[in-house]
Amino acid sequence: MDTTYKIAIIAVILVLLLIVKGIYDERKYKQRLFLRLKNTWGSPSRDEYSHELFENIKYYYRQNVSDGDVDDITCNDLDIDAVFMDLNHTMTSIGEEYLYALLRKPCTDISLLEERENTINCIQADENERIKLQMALAGIGKLNKVSVYSYIKTISGMDTGCRLYHIFSCLALLVSLCLCMVKPAVMVLITAIIIIHNVITYYRSKAEMDSYIQIFTFIARITSQSESVAKADIQGIGQYKERLVSCARCLKKFNSNSWIVAGGNMTGDLLDSLMDYIRILFHIDLIKICNMAEELKKHEKELIGIYNTIGYIDSMVSIASFRAGTSEWCVPVLHKAVSKRDITMEFTDLYHPLLDEPVKNSVNTGRSILITGSNASGKSVFIKTAALNAIFAQTIYTVLAGSYSSCFFHIYSSMALRDDIFSNESYYIVEIKSLKRIIDKAAEADIPVLCFIDEVLRGTNTLERIASSSKILECIADANAMCFAATHDLELAKILSGRFDNYHFEEKVEENNVVFDYKLRKGTTKTRNAIKLLEMIGYNQQITKGAEKAARFFLENGFWTV
């Protein structure tokens, strides 16, 4: 047996061992993934979010903004980013981009919400099949540095003219290697020069195309895993599986030999590391990526179809998981308001998802609500809770309450405002602009507006604040709207009693300590704690007793002493 034959046998054995090891590693990975998905059901899928990552997640929504969306002011007021992090149980970047957009787009079509509910129920019906679906989605995975949707939309402008240059570089090396067999003395030097040239130009070209390589590898995983997603035996979502398979077939040429583009990270896997060197020397991944770009330009519509379908399915999996990790939730009962009498809201035991030990509250009203109470008694938290769950009702079709029913709404808020130093606008100017957008929407919209206002016109003096805010709140209440407003101004409760239901929060003073129970009660607050808090913190009695005396005089006489 000659040496060449022995080397060939050893090479074959090594290749077989690598294949066996690859199969074994893949099987063990799937077993670990199955157990992890089973044990983490009901938990968010990301622990950390950078500013860059959030900007990527938001890109899809920002390219599809429409009338009736939850606007940026309301998002800031309700801290939607933090809420999204709690809600995000997705397995793919597409899913989290789609889920964020879904959370910003309250739906007013009951049939679409019922379709989401049906999909969620189908996913929840069989745990093993649900985990298989999650595993298929996990095969797509997540990106951190790019938005999938942004690159899908920019592929059409990608320059593929460098393909011929990379083909020439590949052929030049192949020819020179062959000629080394004929004239080694001459060709070895030429081959070395070509190798150096190919290595240098590879890294230069790859640096220019690196983001495309990453996203093309990701798109290849999407198209290949689409069939795996479709194979999950989940009854009731056949239309989505058919759509995936149909679109994936159109991209079959794109996906053919896409493994050439994968890798490139020197991960330690022997076979992949070998392929890395082949890519560097022969530019095969750069040639392939140019071909893939041409295919994507032809089938952008099908790629968007896969994006939307994967995004929808992954979002519904996320909502199902969110429900599983939530102590109490309900499916809302929603109706269209034909007249002013149909503008109603009723809920029991409503709570906020981000509070560890939330106090649950209930309301049943067909009118706007004015909420009074002392500092830190719970007014702001309550209206944020009501606003957030109103959005949940019309997006994820899940409300954190014992029961919930209302009409469909456009949802706005005016709460956490601040001075705008860049446009040189004071707090008061920012506030009245924020309130005007609500008034204008309520006047023009065929669907009622549900608005949440915390301390209306706090940016001006008492006299003008009460005079103006009473008229603003009257205008909103008389329009096609329902308003939840929190205020310290008890005068408003009297002025608006004909249009607003009065609710309040209260506290108890126990052993020089203020205790809040955060329970919503009907009627106007009878307690005050601001002066008491001054005393508890250590202000001297000249201030606290004097303030208490002045307040008592005003309540008895209706004017202040000078």
Side-chain angles (χ1 to χ4, degrees), residues 340-341 343-352 355 358-390 401-406 413-415 450-458 462 465-479 481-510 513-533 548 551-558:
K340 182 75 172 175
R341 288 177 298 180
I343 304 177
T344 61
M345 177 173 284
E346 179 181 1
F347 52 78
T348 59
D349 296 332
L350 194 78
Y351 67 97
H352 198 286
L355 298 180
V359 175
K360 301 175 181 181
N361 283 294
S362 305
V363 161
N364 183 1
T365 185
R367 300 203 304 171
S368 295
I369 289 177
L370 188 69
I371 305 163
T372 53
S374 304
N375 300 290
S377 60
K379 301 187 302 297
S380 297
V381 172
F382 172 73
I383 62 174
K384 288 180 180 181
T385 300
L388 183 59
N389 277 284
S403 64
Y404 182 98
S405 65
S406 77
S413 69
S414 183
M415 300 182 198
L450 178 63
C451 62
F452 300 85
I453 304 172
D454 192 10
E455 296 299 337
V456 60
L457 298 185
R458 73 178 79 178
T462 303
R465 180 175 68 249
I466 294 173
S468 299
S469 60
S470 64
K471 295 305 176 184
I472 288 172
L473 292 176
E474 283 180 2
C475 178
I476 294 173
D478 291 343
M482 176 181 282
C483 179
F484 281 52
T487 183
H488 282 98
D489 295 321
L490 301 183
E491 297 90 339
L492 288 177
K494 295 179 181 179
I495 297 171
L496 299 171
S497 59
R499 293 178 172 85
F500 280 71
D501 290 335
N502 284 307
Y503 284 80
H504 73 279
F505 290 92
E506 60 185 44
E507 73 286 338
K508 293 180 181 179
V509 179
E510 299 177 354
N513 187 33
V514 179
V515 179
F516 300 100
D517 63 8
Y518 306 111
K519 293 298 292 183
L520 187 68
R521 297 172 173 85
K522 287 190 175 182
T524 308
T525 184
K526 306 297 181 184
T527 61
R528 294 178 288 110
N529 72 4
I531 298 174
K532 183 65 179 176
L533 287 172
E548 186 62 43
R552 189 164 54 250
F553 181 90
F554 176 81
L555 291 173
E556 293 172 355
N557 300 282

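Because the structure is a prediction, the values reported are computed rather than measured. Numbers here simply count residues along the sequence, with the first being 1. Keep in mind that the numbers below use all heavy atoms, side chains included, and drop hydrogens, waters and symmetry copies.
- A distance of 4.0 Å separates OG1 in T524 from CG in N502, rounded to the nearest 0.5 Å.
- Heavy-atom neighbours of K340 NZ from other residues, nucleotides or ligands within 6.0 Å: above the threshold of 12.
- Interatomic distance, I472 CD1 to R465 CZ, rounded to the nearest 0.5 Å: 12.0 Å.
- Annotation: salt bridge (charged side-chain N to carboxylate O under 4.0 Å, His left out) contacts of R499 (sequence neighbours excluded): E474, D478.
- Aromatic ring orientation, F347 versus Y404: parallel (interplanar angle below 30°, classes split at 30° and 60°).
- Contacts of S470 classified as side chain to side chain donor-acceptor pair (under 3.5 Å), with partners at least two apart in sequence or in another chain: none.
- T348 meets the side-chain contact (heavy atoms from CB on, under 4.5 Å) test with S362, S403; sequence neighbours excluded.
- The side-chain contact (heavy atoms from CB on, under 4.5 Å) search around S374 returns E507, T527, N529, not counting sequence neighbours.
- Residues satisfying the ring pair (Phe, Tyr, Trp, His ring centres under 6.0 Å) test with Y503, not counting sequence neighbours, are none.
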Residue pair I369, M345: steps toward the side-chain contact (heavy atoms from CB on, under 4.5 Å) verdict
CA-CA 11 Å; I369 289 177; M345 177 173 284; over 6 Å; no

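- Partners of D349 by side chain to side chain donor-acceptor pair (under 3.5 Å), not counting sequence neighbours: none found.
- Pairing each heavy atom of F484 with each of I383, the nearest pair is CB-CG2, 4.2 Å.
- In terms of heavy atoms, L370 sits closest to F500 at N-CD2, 3.6 Å.
- Going from atom OG of S468 over to atom CG of L457 covers 6.0 Å, rounded to the nearest 0.5 Å.
- In this structure R521 satisfies the salt bridge (charged side-chain N to carboxylate O under 4.0 Å, His left out) test together with E506, D517, sequence neighbours excluded.
- Of all heavy-atom pairs spanning K494 and S497, the tightest one is O-OG, 3.1 Å.
- Put simply, the side chain of S469 reaches to within 4.5 Å of the side chain of L492, judged on heavy atoms.
- A donor-acceptor pair under 3.5 Å is absent between the side-chain atoms of R367 and the main chain of A477, judged by distance alone.
- Partners of D454 by side chain to side chain donor-acceptor pair (under 3.5 Å), not counting sequence neighbours, listed by chain and number: S380.
- Shortest non-hydrogen contact noted between V363 and T365 is CG1-CG2, 3.7 Å.
- Partners of S405 according to the side-chain contact (heavy atoms from CB on, under 4.5 Å) rule, which considers only residues two or more places apart in sequence or in another chain, are V333, E346.
- Remark: K519 pairs with no residue by the salt bridge (charged side-chain N to carboxylate O under 4.0 Å, His left out) rule, at least two apart or across chains.
- Contact detail for L388 and H352: the closest heavy-atom pair is CD2-NE2, 3.8 Å.
- With sequence neighbours left out, the side-chain contact (heavy atoms from CB on, under 4.5 Å) criterion links K379 to I371, S377, E455, A486, H488, F505.
- Side-chain contact between M482 and L450 is present, with at least one heavy-atom pair separated by less than 4.5 Å.
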What do the steps show when you test I495 against L473 for side-chain contact (heavy atoms from CB on, under 4.5 Å), and what is the final call?
CA-CA 10 Å; I495 297 171; L473 292 176; over 6 Å; no

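- For the atom pair CG of N361 and OH of Y518, the computed distance is 12.0 Å after rounding to the nearest 0.5 Å.
- Every residue two or more places apart in sequence or in another chain was checked for a side chain to side chain donor-acceptor pair (under 3.5 Å) with N364, and none qualifies.
- A481 and S368 get closest at one heavy-atom pair: O-OG, 4.4 Å.
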